[in-house]
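To keep things clear, I will list the structure first and then write my remarks on it.
Each chain gets a letter, A, B and so on, in the order its sequence line appears, and its residues count up from 1. Since we're looking at a predicted model, the values are computed, not measured.
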Amino acid sequence: MPHPPCDQPVAGGSEAAREARLRRMLALHFDAVWRTACRLGATPARADDVAQEAFLVASRKLEQVDPQREREFLMGVAVRLTANVRRAIAARAEVSSGCDAEAQIDPTPGPDELLERKRLREVLDSMLRSMPDDQRDVFVLCEIEGMSGPEAAVALDMPLGTVASRLHRARARFHALATRYRSRCVRAAGDAQ
Amino acid sequence: MRLPTVVEWGGFEQTLLQAARAETAPREALRKSAAALGLPVIGLAAVEMSFAGSAAQAMGATGALATTEAATAALASSTPAGATALATSSAAAGAAGMASQPIATASLAFLAKHVGAGVLAGALFAGGAHEASKAFDAPTSRRADAPGHVQRPDARSASAHRNLPVRHAASPPTEPGSSAAALSSSEPAARATAARAPSVPAGVTVPAAREGADDAITLRTDTNTPAANVAAFPTEPSPQADPNTRLEAMPEPVGLDLERRLLGRARRALAHGRPLVALRHLGLYSAKCPGGQLLAEANLLRVEALLRTGQRDKALWVGRQEIKRNSTRATVERVREMFEAQGEPADGPDAGVSRQVGEKE
């Protein structure tokens, strides 16, 4: 639900400075926020909404956002908004979510087709879907968006130790899933020959 | 608590992660968000410019050139020649780095406020502006040597590829590991990506198809184009790899072509007895073509796929939704046939609907 743009000037700053800051935030972080929403389970159309909403929240709370922590703030909002999206999807029991995610991967295409990045993302998304949400959040922020542990801890508002343990488990799970998928591809390629 | 910051993933895992990191948001979504934030639509150009400046700030580049050039570009941006100057100037603004960022931002605000009037004035005084832009040719050539400068093919790609490691189309193919340098003008995640990009394992032959990907990425203007150079990513060697296949050179289907392609895949998967694969393609269809022209066909295929996977309740629900949405005799008959073919009661999906259709017809 889009909110009307906030017209209140930032305390201690002019409207032009506020606009400039928002523009800079958009330019620097919009892709990452959108990407994070996608990896966390939002469809591209919903990722648009999530990203827009995240920046609207940032716009409303601009004076409270530490300029050095803009990315953490936006990512944290995006993670929480995407969690809401996931819950809505589960509640609606969308048709496309009815099948086992991993079973939907077609292992037969060869690695040459894997160069299609969209397909790679689909494979990755299917693996991410099989992770628990808490591990998935940390994994996406740290491994895909390149955030450090402390940054992810700020974004997710949780202790660093929790982030570390979840990241460790998520990495192990991701490695196992990738190994299993790769072996299925090799097997399928062998069967085809 | 100490976190291991970098994990050396295997080639396949790394490839998956690289593909995800390379994805960019549609520019349309960015425009909508900018509009929702109350930023002028025209300010998108300023967003792009400020991105260039911010990226260079992150790079730590130095220089004093950008200040005057951002203002120059603002003045020249009302003509096509000015647009080119704008693209070049945004890169140069990046080269100026941290020191000139506030001044460049002020120039951007000026641009956002006055470029609308500039467009009108530019239409009237295009010739004069063109001459003015010529006068800046010498500084432009100087900018080309500035650190952090990237050559932009045109103004359109300047906005569409702001995350791309831009290379000139005529430049020779580079070594796989060299994408790290090309990525240096992108955002931090991309830099981290480049830093972590492993080299190709010894003995692995890189398919020739990926050598052609560089140019294809440079030339494409699809806003969904991912940013990274896939050619640099190590992948598993494949016995099935066809070195003559230039995947990146193939234009992605859009609109009806995309719908046909996805539904064709789903139909073939069903014909080969793979309903789960068909459902996957149908899921893709739903995601990529919401409200598509072939939605009725997609829903019918989905009913069939769901029935074949034993998900009768979902098939029933989808069938009913489709009949409600498109209550023609043909639809009803086809859904009924599907259920009958799977041994389901014939009045399952269209109970109470057939009569309405009959009355309507």
Closest contact, heavy atoms only, A:R39 versus B:A20: CD-CB, 3.9 Å

Crowding at NZ, B:K32 (>12 non-hydrogen neighbours, <6.0 Å): no

Crowding at CD, A:Q64 (>12 non-hydrogen neighbours, <6.0 Å): yes

From CA spacing to verdict: side chain to side chain contact (heavy atoms under 4.5 Å, CB included), B:Q18, A:L120: CA-CA 9 Å; B:Q18 296 276 18; A:L120 285 171; over 6 Å; no

Quick one: pull up [atom1] in [X] and [atom2] in [Y] and give me the separation to the nearest 0.5 Å.
X      : Y     : atom1 : atom2 : answer
A:M127 : B:E13 : CE    : CD    : 8.0 Å
A:D49  : B:S33 : CG    : OG    : 8.5 Å
A:R182 : B:L16 : CZ    : CG    : 9.5 Å

Chi angles and distances behind the side chain to side chain contact (heavy atoms under 4.5 Å, CB included) call for B:L284, A:E122: CA-CA 9 Å; B:L284 270 180; A:E122 289 162 19; 3.3 Å; yes

Salt bridge (Lys or Arg N to Asp or Glu O under 4.0 Å) partners of residues 150-159 of chain A, not counting sequence neighbours, each pair once: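 Those involving residues 150-159 of chain A are A:R71-A:E151.
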
Any residue meeting side-chain hydrogen bond (donor to acceptor under 3.5 Å, both in side chains) with A:N84, in chain and number order, not counting sequence neighbours: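 Checked A:N84 against side-chain hydrogen bond (donor to acceptor under 3.5 Å, both in side chains); matches are A:R87.
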
Derivation and outcome, side chain to side chain contact (heavy atoms under 4.5 Å, CB included), residues A:F174 and B:L17: CA-CA 11 Å; A:F174 175 66; B:L17 294 173; 4.1 Å; yes

Salt-bridge contact A:D31-B:R27 (side-chain N to carboxylate O under 4.0 Å): yes

Under 3.5 Å: donor-acceptor pair, side chain of A:R35, backbone of B:R21: yes

